[in-house]
A.B. asks: 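Here it is, the structure, as structure tokens.
We number each residue from 1, following the sequence as shown.
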Amino acid sequence: MMSLKSLKLGLAALAMSTSLASAADVEVLHWWTSGGEAAALNVLKQDLESQGIGWQDMPVAGGGGTQAMTVLRARVTSGNPPTAVQMLGFDITDWAKEGALADLNIIAGMEGWDDVVPAALQKFSKYDGKWVAAPVNVHSTNWVWANKAILDELGIEPPQNWDEFVAALEKVKASGKTAIAHGGQAWQDATIFDAVVMATGGPEFYQKAFIDLDEEALGSDTMKEAFDRMAVIRSYVDDNFSGRDWNLATAMVINGDAAFQMMGDWAKGEFLNAGKKPDEDFLCFRFPGTQDQVTFNADQFAMFAQGPEVGKEQAALATAILSPSFQSAFNVVKGSVPARTDVPNDAFDACGKKGMADLKKAADSGNLYGSMAHGHANPAAIKNAMYDVITAHFNGEYDSETAVAELVTAVQINK
């Protein structure tokens with residue numbers, strides 16, 4: 001393992017090098033391809049370029065990263081892994097179990113990551129006591145985004161519970177506009193279901209069903225009610241939703257074609273990229289019934305082992321990712337909140353400040369939960385099996401009772 005002294009010397013040499021072109025590039029596999037995401041990623045590119053490190057971009061379109069993980073598996077199988085890969089939750093753990101990831105402990109120790117990164121994130125940043133990934137942010141997934149002009153015109157206040165939400169949806173539908181902007185992709189269906197289950201059953205039920213995989217909870221009347229509510233939501237989605245990317249659904253809200261979108265806080269980057277302002281052009285609020293909870297995912301960059309020591313460029317990338325200045329600059333643009341708890345909120349807008357406050361409150365009160373839909377509740381095999389059932393139900397292949405039975409079976413098979 002690289003010694004602390006040698007790593008410091010290596011980083012110093014990299015920073016002071018007068019021959020910038022001699023530094024190797026970093027090849028980064030990611031799925032940040034929308035306008036707002038690309039703008040946020042550019043902050044990191046510029047940081048590395050200022051150190052003379054080139055950036056080889058390897059974008060794989062598709063929110064949620066499913067396609068990216070398929071491409072990654074092919075690259076690793078061929079013996080040619082990227083330098084760093086954007087990952088979520090249990091995907092990091094799975095690759096760490098295979099011994100594929102570099103040990104970042106020396107860098108983490110030098111920079112005190114243990115003291116500033118919340119324990120809920122460290123669960124996925126570490127494996128067997130070693131840091132293997134650098135967290136970029138914390139996304140919360142139980143947000144609703146709304147076009148303020150539509151709500152003002154129809155006299156709709158942000159709904160506080162399910163009945164108020166349905167009443168609001170009905171008002172929008174009656175006006176001739178689309179009530180819910182949605183993209184018919186499995187991960188998007190699951191993102192809504194995540195919030196619906198939390199609102200329907202509460203945090204203890206969410207824990208039992210999605211994290212503990214308690215079969216009684218999975219097969220309960222409460223779960224059936226959650227599927228029933230998904231059927232209601234489906235009735236307020238436009239007919240052209242199938243296959244629509246999430247950012248195109250966000251654009252429907254931005255352009256005033258739809259009133260609401262249930263999506264993680266990366267959606268805010270699209271509003272900002274379109275020149276819209278929170279509380280003036282759009283609203284952000286928790287899915288009705290989940291005001292006290294935060295379901296989260298965290299984008300992290302896992303460094304793939306390229307030898308017995310972490311590479312200098314990888315070390316520089318990890319250092320840049322966790323620097324307070326980058327954490328602020330990136331998350332202001334991305335719509336998420338910092339992975340460090342010591343970053344001031346001064347530069348953040350109204351939704352960002354709310355997100356940071358919600359996260360702290362949820363973490364302090366025990367209401368911070370890893371998102372099932374985004375790979376932070378259970379490993380990919382179980383998550384994907386749940387996806388299949390949720391999407392089949394949303395598309396009318398199952399009624400709610402059948403969906404409950406199928407959900408139980410899917411989890412049993414993939415445990």
A.B. asks: Rounded to the nearest 0.5 Å, what separation is found between the CE atom of Met87 and the CG atom of Asp299?
C.D. replies: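 One finds 12.0 Å between CE of Met87 and CG of Asp299.
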A.B. asks: Go through the side-chain N and O atoms of Ser371 and Asp194 and say whether any donor and acceptor fall under 3.5 Å apart.
C.D. replies: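 Short answer, yes.
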A.B. asks: Are Asp114 and Lys126 close enough, and set up right, to give a salt bridge (charged side-chain N to carboxylate O under 4.0 Å, His left out), and what steps lead you there?
C.D. replies: CA-CA 10 Å; Asp114 283 294; Lys126 289 180 173 180; 2.5 Å; yes
A.B. asks: Is any side-chain N of the basic residue among Arg234 and Glu397 closer than 4.0 Å to the acidic one's carboxylate O?
C.D. replies: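 No, this pair does not count.
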A.B. asks: Main chain of Gly35, side chain of Glu37: is a donor-acceptor contact present, judged purely on distance under 3.5 Å?
C.D. replies: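 No, the answer is negative, given that no donor and acceptor are paired below the 3.5 Å cut-off.
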A.B. asks: Pair Phe210, Tyr369 - check ring-ring contact (aromatic ring centres under 6.0 Å, His included), show working.
C.D. replies: CA-CA 10 Å; Phe210 285 162; Tyr369 291 86; over 10 Å; no
A.B. asks: Show me the pairs that pass ring-ring contact (aromatic ring centres under 6.0 Å, His included) and involve residues 77-96, at least two apart or across chains.
C.D. replies: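 Applying ring-ring contact (aromatic ring centres under 6.0 Å, His included) to every pair that reaches into residues 77-96, excluding sequence neighbours, yields Phe90-Phe124, Trp95-Phe304.
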A.B. asks: Can Asp279 and Lys354 be counted as an ion pair, charged N to O under 4.0 angstrom?
C.D. replies: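 Looking at Asp279 and Lys354, the cut-off is not met.
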A.B. asks: Determine yes or no for a side-chain-to-main-chain donor-acceptor pair under 3.5 angstrom, with Asn345 supplying the side chain and Phe348 the backbone.
C.D. replies: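 Such a contact is absent between Asn345 side chain and Phe348 backbone.
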A.B. asks: Using side-chain heavy atoms (C-beta onward) and a distance below 4.5 Å, is Arg75 in contact with Pro81?
C.D. replies: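 Sidechains of Pro81 and Arg75: no contact.
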A.B. asks: Is the shortest distance from a Lys or Arg side-chain nitrogen in Asp57 or Lys45 to a carboxylate oxygen in the other one below 4.0 Å?
C.D. replies: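 Result for this pair is yes, salt bridge flagged.
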A.B. asks: If we count only N and O atoms by modelled type, under 3.5 Å, do the side chains of Asn367 and Asp292 hold a donor and an acceptor together?
C.D. replies: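 Per modelled atom types, Asn367 and Asp292 side chains form no pair under 3.5 Å.
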A.B. asks: Does any N or O in the side chain of Glu111 come within less than 3.5 Å of the main-chain N or O of Leu322, such that one atom is a donor and the other an acceptor?
C.D. replies: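 A pair under 3.5 Å: no.
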A.B. asks: Before accepting this row, confirm whether a basic side-chain N of the pair Arg286/Asp358 lies closer than 4.0 Å to the acidic partner's carboxylate O.
C.D. replies: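 The answer is yes: the pair qualifies as a salt bridge.
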A.B. asks: Side-chain contact, heavy-atom cut-off 4.5 Å: Val28 with Val85?
C.D. replies: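 Val28 vs Val85: side chains apart.
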A.B. asks: Between Asp152 and Lys148, is there a salt bridge with N-O shorter than 4.0 Å?
C.D. replies: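 Asp152 and Lys148: salt-bridged.
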A.B. asks: Decide salt bridge (charged side-chain N to carboxylate O under 4.0 Å, His left out) for Asp342 and Arg340; before the verdict, give the C-alpha distance in whole Å, the side-chain angles of both, and the deciding distance to 0.1 Å.
C.D. replies: CA-CA 6 Å; Asp342 59 344; Arg340 298 178 62 120; 2.9 Å; yes
